[in-house]
Amino acid sequence: MAGELEQFEILLGVTGGIAAYKSALLCSKLVQAGAGVTVAMTEHAQKFVGALTFSTLTGRQVYTDMFAAEQVYDARHISLTERADLFVVAPATANIIGKLAGGICDDLLSTLLAAADSDVLLAPAMNSRMWGHPAVKRNMQTLAEWGIVTVGPDNGRLACGTTGVGRMCSPEAIYDKITELLKGLTPKPNGN
């Protein structure tokens, strides 16, 4: 694993679900494999895991606000997508899936997704009733038609205490999908 992702840049989007803690583990695995990881978090994601956690893991600024101070944040907010070899969203909640499928850009992460300059990998995570909702099914079908790749969700115990499909895949399964998608690709210039 060490050095396996050397020179690759991953843009990791983290949304507001309890599975966000798994994203910190995924982030750590990516960094240990040599990838440069930049994290963009939604406001709700920060209720589950702090930006400091990801900043510590990556050694980089974590992006949380589309309108952050210019000294900290490139005013061309979509520039974060330009150097990414892969854009991973884990967890991908029903909310962010719906925004992406509907072209809604009302926060930093949804705007970055609309401007993605690389393949996008979603790791869905939500209650099984939400996963089975017709709107979510339609949105997932739309995204699949656009070439958006997904990993999971798994069947298992959910945060609400029930069991069903909707649990975010393990960081290891997501990592394996990332390496599969990057295999044979040449990292973009100006990587880490």
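One-based numbering along the sequence shown.
Contact annotation: the side chain of Leu30 never approaches that of Thr58 to less than 4.5 Å [non-hydrogen atoms, C-beta and beyond]. Contact check for Pro124 versus Met140: side-chain heavy atoms found under the 4.5 Å cut-off. Between Lys137 and Trp131, every side-chain heavy-atom pair lies at or beyond the 4.5 Å cut-off. In this structure, Phe87 and Leu109 have side chains that are in contact, with non-hydrogen atoms separated by less than 4.5 Å. Looking at Thr15 and Val89, their side chains come closer than 4.5 Å, going by heavy atoms from C-beta outward. Between Leu182 and Asp85, some side-chain heavy-atom pair lies under the 4.5 Å cut-off. Contact annotation: the side chain of Asn95 never approaches that of Met126 to less than 4.5 Å [non-hydrogen atoms, C-beta and beyond]. Contact of the Pro171 side chain with the Lys29 side chain is registered, since non-hydrogen atoms from C-beta on lie closer than 4.5 Å.
Heavy-atom minimum distance, Phe54 versus Val14: CZ-CG2, 3.9 Å. Smallest separation of non-hydrogen atoms from Ile178 and Leu5: CG2-CD1, 4.4 Å. Summarising the geometry of Thr64 relative to Ala51, their closest heavy-atom pair is CG2-CB, 4.3 Å, with the distance given to 0.1 Å. Residue Val120 comes nearest to Ala116 through the heavy atom pair CG2-CB, 3.8 Å, listed as atom of the first residue, atom of the second, then distance. Among all heavy-atom pairs drawn from Thr93 and Gly16, the shortest one is CG2-O, 3.9 Å. Heavy atoms only, all atoms of each residue included: Ile97 and Ala92 are closest at CD1-O, 3.7 Å.
A salt bridge links Arg60 with Glu9: at least one charged nitrogen is closer than 4.0 Å to a carboxylate oxygen. Salt bridge annotation for Lys99-Asp107: present, with a cationic side-chain nitrogen under 4.0 angstrom from a carboxylate oxygen. A salt bridge does not link Glu180 with Lys183: none of the charged nitrogens is closer than 4.0 Å to a carboxylate oxygen.
Linking Ile, Leu, Val, Met, Phe, Trp and Tyr residues whenever their side-chain heavy atoms come within less than 4.5 Å leaves Tyr21 and Leu57 in two separate clusters. Transitive grouping of hydrophobic side chains (ILVMFWY, heavy atoms separated by less than 4.5 Å) brings Leu113 and Trp146 into a common cluster. Hydrophobic cluster membership differs between Leu25 and Ile18, with clusters built from Ile, Leu, Val, Met, Phe, Trp and Tyr side chains linked at under 4.5 angstrom. Note on Ile174 and Val31: same hydrophobic cluster, where clusters join Ile, Leu, Val, Met, Phe, Trp and Tyr whose side-chain heavy atoms are under 4.5 Å apart, directly or indirectly.
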For Ser110 and Ile96: C-alpha separation, side-chain torsions, deciding distance, then whether side chain to side chain contact (heavy atoms under 4.5 Å, CB included) applies. CA-CA 7 Å; Ser110 58; Ile96 200 68; 4.1 Å; yes

Run the salt bridge (Lys or Arg N to Asp or Glu O under 4.0 Å) test on Asp117 and Lys188 for me, step by step, so that the C-alpha distance in whole Å, both residues' side-chain angles and the decisive distance to 0.1 Å come before the verdict. CA-CA 11 Å; Asp117 192 29; Lys188 288 182 181 178; 3.6 Å; yes

Please test Leu121 against Thr150 for side chain to side chain contact (heavy atoms under 4.5 Å, CB included), starting from the C-alpha separation and ending with a verdict. CA-CA 5 Å; Leu121 173 63; Thr150 59; 5.6 Å; no

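Within the 3.5 Å criterion, the main-chain N or O of Gly166 finds no donor-acceptor partner in the side chain of Ser128. Here the side chain of Ser23 pairs a donor or acceptor atom with the backbone of Ala90 at under 3.5 angstrom. For Ser28 (side chain) and Ala24 (main-chain N/O), no donor-acceptor pair under 3.5 Å exists by modelled atom type.
Between the side chains of Thr38 and Arg83, at least one donor-acceptor pair of N or O atoms lies under 3.5 Å. Side-chain contact annotation: Tyr175 with Gln32, donor-acceptor N/O pair under 3.5 Å absent.
The CG atom of Asp65 lies 13.0 Å from the CE atom of Met41; values are rounded to the nearest 0.5 Å. Atom CG of residue Leu11 and atom CG of residue Leu86 lie 9.0 Å apart, to the nearest 0.5 angstrom. Rounding to the nearest 0.5 Å places CD of Glu82 at 11.5 Å from OG of Ser118. Separating the CG atom in Asn139 from the NE2 atom in His133 is a distance of 10.0 Å, to the nearest 0.5 Å. A distance of 7.0 Å separates OG1 of Thr42 from NE2 of His44, quoted to the nearest 0.5 Å. Note: Tyr63 OH to Leu112 CG = 10.5 Å, rounded to the nearest 0.5 Å.
Glu172 CD: more than 12 foreign heavy atoms inside a 6.0 Å radius.
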